[in-house]
Amino acid sequence: MSAGLFGLFDDIATLARMAAASVDDVGAAAGRASAKAAGVVVDDTAVTPQYVAGVAANRELPIIRKIAIGSLRNKILFILPAALLLSQFVPWLLAPILMLGGTYLCYEGAEKVWERIAGHDEHHLAVEDGPDAENSMVSSAIRTDFILSAEIMVIALNEVADEALVPRALILLVVAVAITILVYGVVGLIVKMDDVGLHLAERKSAFAQRLGLGLVRAMPRLLSVISVVGVVAMLWVGGHILLVNSAEVGWHWPYDTVHHWEEAVHDAVPGVGVVLGWLLNTAISALVGIVVGAVVVALMHVLPLGKKHEEPAGSH
């Protein structure tokens with residue numbers, strides 16, 4: 001009797017160790033998959049604060065919370081099931097879908113550049129126009145986030161494509177939740193930095209006051225830098241996605257050429273060659289992004305659909 005009981009305990013312990021190992025494997029794979037999507041994560045983090053620029057302070061976090069909930073809903077309810085089905089039954093479609101998403105990112109980045117050049121880069125204050133304008137802005141942010149989220153999830157999926165269906169689903173679920181918390185947690189900290197600064201400035205400590213005033217003064221510059229980083233990231237990530245996946249669909253020479261140049265720089269400059277090679281790859285990816293984006297922007301401003309898109313004032 002006791003032998004059977006100890007045998008049962010041993011089996012339970014073995015199952016527990018296997019379960020723990022599986023959890024560790026899922027966590028490690030999720031970490032690797034998230035790291036591969038880091039470029040798009042930076043893009044997502046840099047783009048989102050632009051949606052609350054100029055918004056009343058008491059509406060900043062509620063708006064970010066709405067966008068975060070919409071982002072998580074996009075990832076879990078729509079993107080994750082679709083990505084799993086595609087990877088299971090028609091994996092060859094993933095590369096073309098990534099290229100469509102990359103083209104959209106190039107378009108978004110190039111249009112923002114065009115708006116600044118044309119002097120149309122004006123923030124629309126949703127709070128002054130009421131709940132309808134705020135809801136419209138949130139919807140616009142969630143639509144943009146959908147593309148970025150899809151890119152993140154598909155890039156992560158490519159890293160774990162060899163896993164079985166259930167582990168693959170668990171890994172993508174972990175990636176979806178972790179990246180959403182990371183991105184919108186950082187965004188929340190960024191947009192509330194000035195409030196933290198004001199709070200510190202009211203302290204009795206001279207150091208706290210100086211730190212608080214420094215944060216308040218730095219906030220407009222930080223948002224300006226983030227705005228530029230967001231545009232550059234869209235062009236860089238979009239162009240890189242197009243380069244990499246053009247090889248996946250059979251058009252090898254663009255990516256092979258860039259990769260050859262990157263390796264040549266890497267080998268030519270010992271020590272810093274890795275960094276210089278990466279910078280070259282990034283610069284070419286951004287160039288591809290701005291060229292493709294400019295073409296799409298030109299078409300959108302000529303086509304009837306693009307003209308309709310321009311009509312509402314402050315729609316961006």
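The residues of the chain are indexed from 1 along the displayed sequence.
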Is it true that [X] and [Y] fall in one hydrophobic cluster, defined by side-chain heavy atoms closer than 4.5 Å?
X    : Y    : result
V258 : W251 : no
F89  : W92  : no
L86  : F78  : yes
W278 : V237 : yes
L200 : L213 : no

Next on the checklist: Checking D195 against H199 for the side chain to side chain contact (heavy atoms under 4.5 Å, CB included) test, could you report, in this order, the C-alpha distance in whole Å, the side-chain angles of both residues, the deciding distance, and whether it holds?
Outcome noted: CA-CA 6 Å; D195 291 344; H199 179 71; over 6 Å; no

Minimum heavy-atom separation for [X] and [Y], please, with both atom names.
X    : Y    : value
L72  : V177 : CD1-CA, 4.0 Å
V249 : A95  : CG1-CB, 3.9 Å
A247 : H252 : O-CE1, 3.2 Å
A294 : A110 : N-CB, 3.7 Å
S87  : L157 : CB-CD2, 3.6 Å
A208 : R203 : CB-CB, 3.9 Å

Item to check | Stepwise side chain to side chain contact (heavy atoms under 4.5 Å, CB included) test for E202 and Q209 | outcome: CA-CA 7 Å; E202 294 172 355; Q209 290 176 1; over 6 Å; no

Item to check | Intermediate values then yes/no, side chain to side chain contact (heavy atoms under 4.5 Å, CB included), F146 and I79 | outcome: CA-CA 8 Å; F146 186 91; I79 299 171; 3.9 Å; yes

Checklist entry - Under the side chain to side chain contact (heavy atoms under 4.5 Å, CB included) criterion, do E111 and V296 qualify, and how do the steps go? => result CA-CA 9 Å; E111 185 167 55; V296 179; over 6 Å; no

Do any side-chain atoms of residues 262-277 form donor-acceptor pairs under 3.5 angstrom with protein atoms, and if so which ones, sequence neighbours left out?
residue	atom	partner	partner atom	Å
E262	OE1	N281	ND2	2.8
E263	OE2	H259	NE2	3.2

With a cut-off of 3.5 Å and sequence neighbours excluded, list every side-chain donor-acceptor pair involving residues 97-104.
residue	atom	partner	partner atom	Å
T103	OG1	M99	O	2.8
Y104	OH	E108	OE2	3.3

Would you say that [X] contacts [Y] through its side chain, given a criterion of any heavy-atom pair below 4.5 Å between the two side chains?
X    : Y    : answer
C106 : L242 : yes
V228 : R116 : yes
I142 : K66  : no

Between [atom1] on residue [X] and [atom2] on residue [Y], distance to nearest 0.5 Å:
X    : Y    : atom1 : atom2 : value
L215 : K192 : CG    : NZ    : 13.5 Å
R73  : T180 : CZ    : OG1   : 11.5 Å
N74  : I67  : CG    : CD1   : 11.5 Å
L80  : M153 : CG    : CE    : 4.0 Å

Next on the checklist: Is there a side-chain hydrogen bond (donor to acceptor under 3.5 Å, both in side chains) between S71 and D145? Walk through the geometry before answering.
Outcome noted: CA-CA 6 Å; S71 174; D145 178 271; 2.8 Å; yes

